[in-house]
Amino acid sequence: MMVMRGYFQKSFLDKISEGYAYNRIILDENGVPCDYEFLEVNAAFEKQTGLKCSDIIGKKATEVLPWIQDYSFDWIKFCGDIALNGRDEKNKTIFHPLSRWYKVHVYSPEKYLFVTLYTDLSKDEEIFHRLNDNSQDIIFRYELSPVRGFTYVNNAAASIIGYTPEEYYDDPDMCLKIIHPDDRKLLGDCVQGKIPLHKPIVLRYIHKNGQTVWIEQRNLPTYDTNGNLIALEGIGRDITERKQAEDNIYNGYVRESAINEILRLSFKDLPIERLLEKALNLILDIPDFELENAGAVFLVEDDADCLVLKASHGLADPLLRKCARVPFGKCLCGRAASTEKMIFADRVDECHDIHYEGMKPHGHYCTPLRFKNQTIGVLNLYVQEGHTYSAKLEQFLVSSANALSGIIARKKAEEDINHYAGMITSLLDSIPDIIFFKDVKGVYMGCNPAFTEFVGRPREEIIGKTDYDLFDKAFADFFRKHDERTLELLQPRHNEEWITYPDGRKILLDMLKTPYRGPDGLLIGILGIGRDITERNRAEQALLKGKLIAEENDRMKSEFITNMSHELRTPLNSVIGFSDVLLKEIKGELNDSQKKYISNISKSGRHLLELINDILDLSKIEEGKMELQCEDFDLNSILSEVESIFSPQAAKKDINLQFVLSEKIPRIKGDKIKIKQVIFNLLTNAIKFTPKNGAISVIAKENDDNIIEVSVSDTGIGIPEAKLEDVFDPFIQVDASTSRNYGGTGVGLSLAKKFVQMHDGKFCVESEVYKGSTFTFTIVNQEYTSQSSYSKQ
Ligand code: ADP
């Protein structure tokens, strides 16, 4: 349409029914349209808009309609665009700032100028547009032929998908642009009638800002007169929030399922490494977290301050080596273990101590695995560098870590139980004793191989059976009676049983039956342990028999010795007595040879008598028949007595005999005769084994309150060290020739030692060959002791 001027033009314009306005666009300093000026309007315009020509000509739109820019649709920009670019915009339906609906045709006859032709919409059309533009749902019309493209979109379509209506109308490929590639087929199927058109479909739209918008859409087909589908009209509802809520519910379900799966793993009979690997994969498979497909699980094992890599996924080889053992405090995992807190890093930072060549940028979530207030491991997961920390992910990882800790603890407890059960089984299997356990009704619940051998049946044929199924009734009655007694008393009971093996072997069994209780303390049944004591019993019997024989022998020996001493001493006394009489020559003179012979008879007789007396004493002591005859006496006076006896013998050999006595020695209580005998024996030896011109000293002193020490030292032939211990044994002489050279019986020292022991004293000897010997003994004042150990016998 051309712009007409003058009267003709005015009268023409006033006659047409369309509202007409002729305007000039106003630009700001940047050349951007910011307003326009009314140049000319016709009568229909005045009628339709209610604006008076005289009031608006020459005025700016913002003056006439100050609220014009308050609307979402930028009318000034729209018109300015047409005025500057010479576009022609027809059938534009607008909600005018004048609160009325028009169909508008805008075109530019000349740059900066534009004409608007208005037609009032019908009431229905107005309602239609008002409803559409106020609708929360997307409403559109998409032409399929002859030209594809949107010919109508409402405000919601613009705001929900992000494009302006013009962008919809101008771009014939807009449909492809805004429908998610994966959902185009669904829309195509819908258009092709594969899906009933009236049925709602859910499509993903791509918002101008790239985000996904979920639209539940119902399409209405439009056909031409030939029945060809020419357009789709549709209504779509933004269900993104609902979808997200659904996704959240679904993802929550997936996460919970994963954790349940992890927990269920603990029931699987798999090695712990395999379980951890499976658990790790379950965590990595969770779809809605931005986790990289890599991670590891560490456990604390033998060393309490070190993490050991137990399972991993997607880790590079150098890392598997470097992270095989990670001390607490080192790198991110070690820090998570030592601080007992989750460590998050969005990149390889200064705390990431472990590096290797070719390491790619990444971040971590390291979650400690805790059980009973102790760190038992770390779950380490990878994220992309720059990953934004997610509290939701942390929450999930903490839950996963808890589930992992649970299965690790359970598995370890199981391993411990298996270990101990294995140990107990091998222990039971290797014990030669018969072991079994039965329930309170006497049904066998378990047994060891020794028991299966005894029964003569394999274990599986014993378990579940009772004694009545396995043994003769008499035996079964016997066993049952003992079981019932144990259950009645609720105490362990011993009994000895002679039992017969299937092969006929008979053994004596020491059977211990104990009430068997469960961990809760409730009575489960009876535990039986039977030991074969046949051999022990035989040995005991043999020992008893031996003891009886030995006792009988002892009795016979004493009887023999007593008899013998009597039988020997009587004739011997006659021999000695008569030879002494002969030597006195009362019955006639003797020649020299006769004197010599009879003297020898007398000497030998005395020696023999001495020997017999000593043997008798020894035998009495051994039999325990010798007792101390205790009395109060003065040791010094005994020593003086002994001195007077031995002085002549010493003088004969020019031996210097000295007695050093202490006046402090108190009167003591003891067997005077026996103590005198001890000193006597020691001095006899000292004189015997000390050559001429030697020296002998006897020293007596009180050592302690009630212990008296007496020592006899000589400068005699001495005793070799190797023989020192032996001299106290009966009939032992250092040299076989001793008795020949020096006489003696070899019994004196052993008797002396025994007498000292009867006084609770001790004997010792020090000696050096050719230098001399010192015999020392102590005696305990019997006043202070109850009774000598010997005298007790
Ligand atoms: P005997 O009657 O032979 O002296 P004893 O039992 O008194 O028997 O002594 C055992 C042996 O101990 C002696 O035969 C001797 O060889 C050695 N003996 C004992 N006292 C002395 C001593 N004072 N000096 C050297 N040897 C000694």
Side-chain angles (χ1 to χ4, degrees), residues 565 568 572 603-622 626 639 642-643 645-647 649-660 673-700 709-759 761-779:
S565 63
L568 286 178
L572 208 52
K603 264 192 209 161
S604 300
R606 282 175 204 283
H607 179 74
L608 202 57
L609 190 63
E610 200 184 322
L611 185 64
I612 289 168
N613 286 338
D614 285 353
I615 290 173
L616 208 61
D617 282 351
L618 265 181
S619 123
K620 272 188 185 164
I621 292 173
E622 269 162 13
M626 174 86 68
L639 288 169
V642 173
E643 186 179 6
I645 296 170
F646 281 90
S647 290
Q649 294 179 39
K652 247 192 202 170
K653 285 179 83 176
D654 291 330
I655 290 171
N656 178 13
L657 176 62
Q658 261 195 336
F659 275 72
V660 183
I673 305 213
K674 292 194 175 67
I675 291 171
K676 197 165 148 188
Q677 175 84 51
V678 173
I679 303 165
F680 205 89
N681 286 5
L682 290 180
L683 266 173
T684 307
N685 282 347
I687 289 183
K688 197 159 58 173
F689 296 111
T690 303
K692 271 190 159 203
N693 301 320
I696 295 171
S697 60
V698 179
I699 303 171
E709 188 184 282
V710 179
S711 61
V712 178
S713 305
D714 62 52
T715 57
I717 60 169
I719 305 164
E721 207 185 328
K723 298 274 183 177
L724 276 179
E725 284 296 311
D726 303 339
V727 293
F728 294 103
D729 290 340
F731 309 111
I732 292 292
Q733 291 178 314
V734 170
D735 192 332
S737 58
T738 306
S739 60
R740 272 199 310 278
N741 296 336
Y742 303 101
T745 58
V747 181
L749 279 181
S750 56
L751 254 184
K753 189 175 176 181
K754 290 213 150 73
F755 287 159
V756 165
Q757 284 173 339
M758 286 174 80
H759 283 86
K762 288 195 172 102
F763 227 121
C764 71
V765 56
E766 290 171 70
S767 186
E768 217 177 314
V769 178
Y770 302 127
K771 288 220 167 139
S773 315
T774 299
F775 286 84
T776 307
F777 70 91
T778 58
I779 42 172

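All ligand and atom numbering here is 1-based and tracks the order in the structure. Residue indices begin at 1 and follow the sequence shown. Because only heavy atoms are used, hydrogens play no part in the values below, and waters and symmetry mates are left out as well, while side chains stay in. Values in this document were obtained by computation on a predicted structure and should not be read as measured data.
For ligand 1, the atoms sitting less than 4.0 Å from at least one non-hydrogen atom of Lys688 are 1 (P), 2 (O), 4 (O), numbered in the order shown with element in parentheses. When each atom of ligand 1 is checked for a heavy atom of Val747 under 4.0 Å away, the hits are 6 (O), 8 (O). Counting the atoms of ligand 1 from 1 in the order shown, those under 4.0 Å from a heavy atom of Ile717 are 25 (C). Those atoms of ligand 1 that come under 4.0 Å of a heavy atom in Ser773, given as number and element, are 24 (N).
Other residues, nucleotides and ligands place more than 12 heavy atoms under 6.0 Å from the NZ atom of Lys653. Crowding of Gln649 atom CD: a count of heavy atoms from other residues, nucleotides or ligands under 6.0 Å exceeding 12.
No side-chain heavy atom of Asn681 sits less than 4.5 Å from a side-chain heavy atom of Leu749. Between Phe689 and Asp714, the closest side-chain pair of non-hydrogen atoms is not below 4.5 Å. Ile645 is not listed as a side-chain neighbour of Leu683, based on a closest heavy-atom distance of 4.5 Å or more.
With a 4.0 Å heavy-atom cut-off, ligand 1 is reached by no atom of Thr684. Residue contacts with ligand 1 for Ile719 involve side-chain atoms from C-beta outward but no N, CA, C or O (heavy atoms, distance under 4.0 Å).
Applying the side chain to side chain donor-acceptor pair (under 3.5 Å) definition to pairs two or more places apart or across chains, those involving residues 766-776 are Ser713-Thr774, Ser767-Ser773.
Heavy-atom distances between Phe728 and ligand 1 stay at or above 4.0 Å for every pair. For the ligand labelled ligand 1, residue Asn681 lies outside the 4.0 Å heavy-atom shell. Ligand 1 lies nowhere less than 4.0 angstrom from a heavy atom belonging to Lys723. In this structure, Gly716 does not count as a contact residue of ligand 1, since none of its heavy atoms falls inside 4.0 Å of the ligand.
Not one N or O of Phe775 is nearer than 3.5 Å to an N or O of ligand 1, by distance alone. Polar contact check, Asn685 against ligand 1: a nitrogen or oxygen pair lies under 3.5 Å apart.
Between Phe763 and Phe777, the ring planes lie tilted relative to each other; the angle falls in the 30° to 60° range.
The nearest non-hydrogen atom to atom 12 (O) of ligand 1, considering only Leu683, Asp714, Val727, Ile696, comes from Val727.
Shown here are the ring pair (Phe, Tyr, Trp, His ring centres under 6.0 Å) partners of Phe775, two or more places apart in sequence or in another chain: there are none.
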